[in-house]
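Below, chains carry the letters A, B, ... as their sequence lines are ordered, and counting in each starts from 1.
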2 protein chains.
Amino acid sequence: MTRIEEAIKQSKFQDVYQKALVNLIYTANCLRDEQVRILKPFDLLPQHFNVMRILRGRHPKPVCPGEIKEVMLDKANDLTRLLDKLERKGLIQRNLCPTNRRKMDITLTQAGIELLEKMNHMMEQTHETLKGRLSEREAASLSHLLDKLRG
Amino acid sequence: MTRIEEAIKQSKFQDVYQKALVNLIYTANCLRDEQVRILKPFDLLPQHFNVMRILRGRHPKPVCPGEIKEVMLDKANDLTRLLDKLERKGLIQRNLCPTNRRKMDITLTQAGIELLEKMNHMMEQTHETLKGRLSEREAASLSHLLDKLRG
DNA sequence: AATATTTATTTGTTGTAACAAAATTCGAAA
DNA sequence: TTTCGAATTTTGTTACAACAAATAAATATT
């Protein structure tokens with residue numbers, strides 16, 4: 001499955017914009033499916049992984065759900081139960097913020113950090129494959145086009 | 001929100017590949033959210049819309065669920081209930097395939113065709129905005145890079 | 001022809017997403 | 001300080017997604 005036409009068995013598109021949009025959605029779905037596959041043994045979803053990476057980015061400083069939601073790739077309007085799961089699995093800790101009791105202080109536990117390492121390691125392989133497919137210039141160009149598309 | 005760094009408030013990425021991947025997921029989420037917003041008044045989701053477009057592509061020839069699933073942008077492993085909903089809303093018709101009674105013949109109803117027209121029309125606006133942001137060359141280039149990325 | 005295998009769809013179950021509304025706490029204004 | 005409004009998270013509810021298993025019909029095998 002290389003070109004989008006073969007992938008979704010459609011030989012002609014309305015125009016080149018339509019084609020790019022369809023291709024973008026399709027490609028993102030492929031990447032997501034691959035990530036789901038990698039995370040499955042850990043019983044986590046991309047959303048959980050994304051939250052853990054956000055937490056690691058500020059570790060050991062705690063982050064509150066509101067701040068997490070702000071920077072999530074896919075804003076969860078259901079963050080509470082997403083965090084519930086991570087807490088049940090012992091990957092994060094929830095503490096009342098001492099300065100503002102409306103907020104919760106969320107931090108990765110040691111177990112969370114270690115699991116994240118493992119997951120990152122497994123993602124590395126996909127990452128390496130990608131490097132073989134696009135040059136640095138092309139990756140940068142792709143990013144730039146996506147920025148333009150969002151306006 | 002233009003550049004991905006501002007969008008998710010992260011100033012540095014591991015490398016340009018990581019950045020492109022994150023940007024791709026984020027951008028696809030934006031497009032999906034926009035589509036969800038447009039479809040909301042019709043009480044349909046992108047998956048439903050995708051199925052209807054597939055049906056229209058072959059109309060008036062019937063298509064069976066297996067063929068639909070094959071070309072969906074996001075393969076639904078739950079196509080039955082997805083079709084249930086479209087049928088409840090009178091947008092599609094389900095008939096036993098006369099030559100193979102394992103299969104179902106799915107076709108758009110007249111109401112389905114008309115609703116699809118309306119939805120397409122509403123999507124046109126987004127489509128026009130896009131044309132202002134990317135040249136035809138850029139759109140083609142984006143599509144090409146996505147093809148390469150998938151390998 | 002009878003049985004097994006494969007194909008195609010449906011059903012059951014569980015977890016997650018979307019949305020609205022509730023609950024709690026903070027900060028500001030009267 | 002009491003009240004009001006805003007900020008923050010949680011809860012309730014419904015619909016959707018993922019996965020496995022079940023059903024049913026066609027095809028192949030013996």
J.: With sequence neighbours left out, write down each residue that passes side-chain hydrogen bond (donor to acceptor under 3.5 Å, both in side chains) with B:Gln18, or none if nothing qualifies.
T.: A:His127

J.: Looking at A:Arg133 and A:Glu138, is there a salt bridge between them, counting it only when a charged N and a carboxylate O are closer than 4.0 Å?
T.: no

J.: Going by the rule salt bridge (Lys or Arg N to Asp or Glu O under 4.0 Å), which residues pair with A:Arg37 if we only count those two or more places apart in sequence or in a different chain?
T.: A:Glu34

J.: Is there a side-chain contact between A:Pro98 and A:Asp105 in this structure, where contact means two heavy atoms from C-beta onward sitting under 4.5 Å apart?
T.: yes

J.: Residues two or more places apart in sequence or in another chain: which of them pass salt bridge (Lys or Arg N to Asp or Glu O under 4.0 Å) with A:Asp74?
T.: B:Arg32

J.: Between the axis at one end of the helix from C:dA1-D:dT30 to C:dA30-D:dT1 and the axis at the other (five pairs apiece), what's the angle to 10 degrees?
T.: 10°

J.: Polar pairs (N or O, both sides) under 3.5 Å between protein and nucleotides 15-17 of chain D?
T.:
from   : atom 1 : to      : atom 2 : distance (Å)
D:dC16 : OP1    : B:Lys85 : NZ     : 2.6
D:dA17 : N7     : B:Asp78 : OD2    : 3.4

J.: Could you tell me from which nucleotide to which nucleotide of DNA chain C, 5' to 3', there is an atom under 4.0 Å from chain A heavy atoms?
T.: C:dT16 to C:dC26

J.: Got a sec, which residues hit side-chain hydrogen bond (donor to acceptor under 3.5 Å, both in side chains) with B:Thr107, two or more places apart in sequence or on another chain?
T.: none

J.: Considering residues at least two apart in sequence or located in another chain, which fulfil the side-chain hydrogen bond (donor to acceptor under 3.5 Å, both in side chains) criterion with A:Gln93?
T.: none

J.: With side chain to side chain donor-acceptor pair (under 3.5 Å) as the rule and sequence neighbours excluded, what pairs involving residues 44-61 of chain B come up?
T.: none

J.: For A:Asp33, is there an ion pair with B:Lys75 - N to carboxylate O distance below 4.0 angstrom?
T.: no

J.: Using a heavy-atom distance cut-off of less than 4.0 Å, which residues of residues 53-74 of chain A contact DNA chain C?
T.: none

J.: In Å, rounded to the nearest 0.5 Å, how long is the span from CG of B:Leu39 to CE of B:Met52?
T.: 9.5 Å

J.: Output the residues of residues 95-104 of chain A in contact with DNA chain C, where contact means a heavy atom of the residue under 4.0 Å from an atom of the strand; sort by number or write none.
T.: A:Asn100, A:Arg101, A:Arg102

J.: Using a strict threshold of under 4.0 Å (side-chain N to carboxylate O), is an ion pair present between B:Glu5 and B:Lys19?
T.: yes

J.: Among all residues two or more places apart in sequence or in another chain, which pass the side-chain hydrogen bond (donor to acceptor under 3.5 Å, both in side chains) test with A:Asp78?
T.: A:Arg81

J.: If you assign A:Asp84 and A:Val36 each to the DNA chain D nucleotide with the nearest heavy atom, which residue ends up on the more 5' nucleotide?
T.: A:Asp84

J.: What heavy-atom pair brings A:Ala76 and A:Leu82 nearest, and what distance separates the two atoms?
T.: CB-CD1, 3.9 Å

J.: Under 4.0 Å between a side-chain nitrogen and a carboxylate oxygen: does that hold for B:Arg150 and B:Asp147?
T.: yes

J.: Should A:Leu91 and A:Ile113 count as side-chain neighbours, where that means a heavy-atom distance under 4.5 Å?
T.: no

